[in-house]
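Below: the structure, in structure tokens.
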2 protein chains.
Amino acid sequence: MSDHDQSPHLSASSRNGNSGDALPPVGEHARQYETVRNAHETELIEDYVELIGDLLQHRGEARAADIATRMGVSQATVSKMIRRLNELGLVTSKPYRSLFLTEEGQKMAETSRARHDIVLHFLRALGVDDHTARIDAEGMEHHVSNDTLAIMQRFIDEHAKP
Amino acid sequence: MSDHDQSPHLSASSRNGNSGDALPPVGEHARQYETVRNAHETELIEDYVELIGDLLQHRGEARAADIATRMGVSQATVSKMIRRLNELGLVTSKPYRSLFLTEEGQKMAETSRARHDIVLHFLRALGVDDHTARIDAEGMEHHVSNDTLAIMQRFIDEHAKP
DNA sequence: TATCATTGTTAGCCATGGCTAAACTATTTG
DNA sequence: CAAATAGTTTAGCCATGGCTAACAATGATA
């Protein structure tokens, strides 16, 4: 046994005392981890799509070599990944040609970019220096819910320079 | 070619206009992604260690079955993972017995817990509801730098109920 | 045009982190 | 104490996301 109590007492949170918030109820706890695992499955995909969108926008084309350099991985890895993106219907690609995003890919790129921007601007508004903000935003963006994102946006608006 | 310009112009940021922050310089961009990849390698480990620490503290013991239930994965997965934690010198375990953390494991558990708590309390202080805050914190905690963490802590202090 | 550097692809390797099924140990209970 | 149940481990499968090395296509340039 040992875990079939359902931890009924998670009430007294919200204290900052940093001490021991009780363990969340089992089911909820499991769902938290599951959410993170799911995010991991999509986040690389989103990163690629977002980067491809950025390259298309800022450079007019997205070549595998550029992606490899910017992501810091080998071309082989990128090539493999592009096949997956293709199968997922996110990009179209003729061999040895620049990539393009499908409609769905574009939607994903926009969404990702928007999330990314909000998180980045939020961190800067919070007082985080630009360099750190960029790094943290890259990691955080896939784990921020829409609710939190909305709150971040509000925070940015309130703290924006006039 | 196509990417050997080093994007010298990232200066004009900080505007919230949400439009197109130019691409970061290649090297820096690659380092951002690398940081995220590295974080991914450690984050599962940290989650396990943190959870084991929590179970030890709140339950007095950490059994594989509990971990499996709370993480929402199979016991086999946990068993395999425990072997890794063992090899990494983070836990000690005699077969078919409860786990314990090594000194190093305890240090990691404490650090992880502290990060987690700061992120969680920060989100709540920001106005995110408890349930969402828990989920987001679980995903975010591994991607928040010490600098940002310090700023979050300051924010919490400033917004704490008296 | 022939050559060569750049770029892209393929094949095949590895580690990680899931899973199920089966085997084994420990504990509880009849 | 034997049998049943609960918990743990092992074996072996799969997908993902890295890598290197070898090969193929493209496109510039001599």
Whole-Å gap separating C1' (D/dT16) and CD (A/Glu43): 13 Å
Rounded distance (Å) that lies between atom P of D/dT9 and atom NZ of B/Lys94: 14 Å
Aromatic ring proximity B/His159/B/His121, centre distance under 6.0 Å: no
With B/Asp47 via salt bridge (Lys or Arg N to Asp or Glu O under 4.0 Å) - residues at least two apart: none
Length of the CG-P vector between A/Asn38 and C/dG18, whole Å: 11 Å
Contact summary for A/Asp136 and B/Ser145, nearest pair of heavy atoms: OD2-OG, 2.7 Å
Residues in contact with DNA chain D, drawn from residues 75-92 of chain B - heavy-atom cutoff 4.0 Å: B/Gln75, B/Ala76, B/Ser79, B/Lys80
Rounded interatomic separation in angstrom, taking CG from B/Leu44 and P from C/dG17: 5 Å
Heavy-atom check, side chain of B/Met108 versus side chain of B/Glu50, under 4.5 Å: no
d(CE, B/Met71; C1', D/dT8) in whole Å: 17 Å
For A/Ala62 against A/Ile52, the heavy-atom pair lying closest together: CB-CG2, 3.9 Å
C/dG17 OP1/OP2 closer than 4.0 Å to side-chain N/O of A/Arg37: no
Given DNA chain C, 5'-ward residue of the pair B/Ile45 and B/Arg97, judged by closest heavy atom: B/Ile45
Between P of D/dG7 and CZ of B/Arg59, the distance in whole Å: 14 Å
Test applied, side chain to side chain contact (heavy atoms under 4.5 Å, CB included); reference residue, B/Thr92; option that passes from B/Leu101, B/Leu85, B/Thr102: B/Thr102
Length of the line joining A/Glu41:CD and C/dT16:P, which is rounded to integer Å: 19 Å
Value in whole Å for how far the C1' atom of D/dG17 lies from CD of B/Glu34: 15 Å
Out of C/dG8, C/dG18, D/dT20, whichever nucleotide has its closest atom nearest the side chain of A/Ser74: D/dT20
Residue list, salt bridge (Lys or Arg N to Asp or Glu O under 4.0 Å) with B/Glu141, at least two apart or on another chain: none
